[in-house]
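Chain letters run A, B, ... following the sequence lines, proteins first and then strands; every chain starts at 1. Note that this is a predicted model, so its numbers are computed, not measured.
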Protein chains: 2
Amino acid sequence: MDIPARGGAAFLLAQLGAHAATAFAERISAIGLTPPQAGLLRLLATEPGRSQRELADRLGMPPSRFVPFADELEGRGLIERRRNAGDRRLYALHLTEQGTALLGELQQAGRAHEEQICRGLSPEEHRQLTALLRQVAEEQGLTPGVHPGFRTVGSGKANPTSSFNS
Amino acid sequence: MDIPARGGAAFLLAQLGAHAATAFAERISAIGLTPPQAGLLRLLATEPGRSQRELADRLGMPPSRFVPFADELEGRGLIERRRNAGDRRLYALHLTEQGTALLGELQQAGRAHEEQICRGLSPEEHRQLTALLRQVAEEQGLTPGVHPGFRTVGSGKANPTSSFNS
DNA sequence: TATTGTTATACTCTATAACTATA
DNA sequence: TATAGTTATAGAGTATAACAATA
């Protein structure tokens, strides 16, 4: 009995989760993106035309912070603000062609990331791990594909603060 | 082929890791501790008498931040600064009796946390998951029992910033 | 001269809340 | 009057670097 707290699954999850997030942030910094920026690009790919307010809510950031956040991506030509004809208060945000191209690189980075993190596992073990993680995630009530952390916008350097313990 | 990036093991690890860290922070906030504080108590339990500088290094925080950090725990009677007779520049930090008692509660919280996170798994699945996570952690070169994140001291509320994406 | 602990300062990031324009 | 977007401001938290005491 007596599961060792420091080597238990919960601790390993937190440790590996922070590690995976760091590694991913470092990887996409090579294509000039921070994790929140990547999140917005993906969001616009699947649901184009949303208003800034909707997007800010999805990303868990206040509207006032979303503005400069979107400004930068717009300035880099990755996203586009289109005025909504029906309600001129709203913008509709879309990916530009450049943004779509970068999204492709982002997806490629995601695949490489998966490989990097799981390189120690056989294909069978990889499948097992994924299945177990899915099971835990479901039991914990986590929304598939949605990552919570977004309080921090990320300064560009790979710096995912975790704050668990040591 | 083509591992789905959003539902892959790497993403699930980041998502579950953030979830586990949040849940743990919430749990120990009930006994008045933040994750970094818990980390220090554990460190003092296994390696008492270290200097502040050593401890700050271990926790990944600059010495200037360690000072008020230790001040609070000392003020609450959980730790104690003892002057080193040999080298009077150094303090030797120790747990007080109160601190040791709280450490007991902390360990109990850790066990409950493990159970909460893994409640969706059978005992056999739990063992499998732990083994796979250990394997990945080792392959990734992670130090057993050491969690990276400590840039943020944690304001007391359960707020583990993760910053992956969404 | 180097090191421990400490304090001070300057900076980054953040949310709150005021403001505008549209509705 | 209410809402989308924006801007301004004030506050929290941080690291850097200066400082005092001891070696």
Side-chain angles (χ1 to χ4, degrees), chain A residues 25 34-37 39-40 43-44 47-75 79-94 148-163 166, chain B residues 25 34-37 40 43-44 47 49-75 79-94 148-163 166:
Chain A
T34 64
Q37 290 171 341
L40 179 57
L43 217 42
L44 293 182
E47 310 179 21
R50 299 281 177 180
S51 73
Q52 296 192 167
R53 180 161 292 267
E54 282 176 306
L55 293 165
D57 282 353
R58 289 292 197 89
L59 296 176
M61 60 173 71
S64 64
R65 204 165 63 177
F66 187 88
V67 174
F69 176 67
D71 283 348
E72 201 208 314
L73 294 175
E74 190 186 33
I79 68 173
E80 191 180 14
R81 283 175 166 115
R82 300 189 196 150
R83 272 292 175 196
N84 185 318
D87 186 337
R88 290 216 309 268
R89 293 173 303 180
L90 283 71
Y91 279 120
L93 264 61
H94 293 267
F150 253 149
R151 277 76 164 228
T152 269
V153 99
S155 44
K157 0 172 191 176
N159 180 15
T161 329
S162 64
S163 146
S166 158
Chain B
T34 66
Q37 289 171 341
L40 179 58
L43 216 43
L44 293 183
E47 309 178 22
R50 300 280 176 179
S51 74
Q52 296 193 168
R53 178 162 294 266
E54 282 176 308
L55 292 166
D57 283 352
R58 290 291 196 92
L59 297 175
M61 60 172 72
S64 65
R65 203 165 66 179
F66 187 89
V67 174
F69 177 68
D71 283 347
E72 201 209 313
L73 294 175
E74 190 186 34
I79 68 173
E80 191 180 15
R81 283 175 166 114
R82 299 189 196 150
R83 272 292 173 197
N84 185 320
D87 186 339
R88 292 214 309 269
R89 292 173 304 179
L90 284 70
Y91 279 120
L93 264 61
H94 293 267
F150 254 148
R151 277 76 165 226
T152 270
V153 99
S155 44
K157 1 172 191 176
N159 179 17
T161 329
S162 62
S163 148
S166 157

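- Whole-Å rounding puts the Arg53(B) CZ to dA23(D) P distance at 16 Å.
- The nearest whole Å value for the distance from the CD atom in Gln52(A) to the P atom in dT3(D) is 18 Å.
- Comparing dG5(C), dT7(D), dA4(D) by their nearest atom to the side chain of Ser51(A) picks out dA4(D).
- Side-chain atoms of Leu55(B) and Leu44(B), non-hydrogen and from C-beta on, do get closer than 4.5 Å to each other.
- Under the 4.5 Å side-chain criterion, counting only non-hydrogen atoms from C-beta, Glu47(B) is in contact with Arg58(B).
- The distance from atom CZ of Arg50(A) to atom C1' of dG5(D) is 18 Å, rounded to the nearest whole Å.
- To the nearest angstrom, P of dG13(D) lies 16 Å from CG of Asp71(B).
- Spacing between atom CG of Leu55(A) and atom P of dA4(D) amounts to 12 Å, rounded to whole angstrom units.
- The closest side-chain heavy-atom distance from Leu43(B) to Arg50(B) is not below 4.5 Å.
- Residue Asp57(B) contributes atom CG, which lies 13 Å from atom P of dT3(C) at whole-angstrom precision.
- Listed by chain and number, the residues in a ring pair (Phe, Tyr, Trp, His ring centres under 6.0 Å) with Phe66(B) are Phe69(B) (sequence neighbours excluded).
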Pairwise N/O distances under 3.5 Å, protein to nucleotides 16-23 of chain C:
from: dT16(C); atom 1: O4; to: Ser64(A); atom 2: OG; distance (Å): 3.0
from: dA23(C); atom 1: OP1; to: Arg88(A); atom 2: N; distance (Å): 2.9

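- No option in Arg53(A), Glu80(A), Arg83(A), Arg81(A) other than Arg83(A) meets the side chain to side chain donor-acceptor pair (under 3.5 Å) test with Tyr91(A).
- Remark: P of dA21(D) and OH of Tyr91(B) are 13 Å apart, rounded to the nearest angstrom.
- Here the CD atom belonging to Glu72(A) is positioned 7.5 Å from the OG1 atom belonging to Thr34(A), to the nearest 0.5 angstrom.
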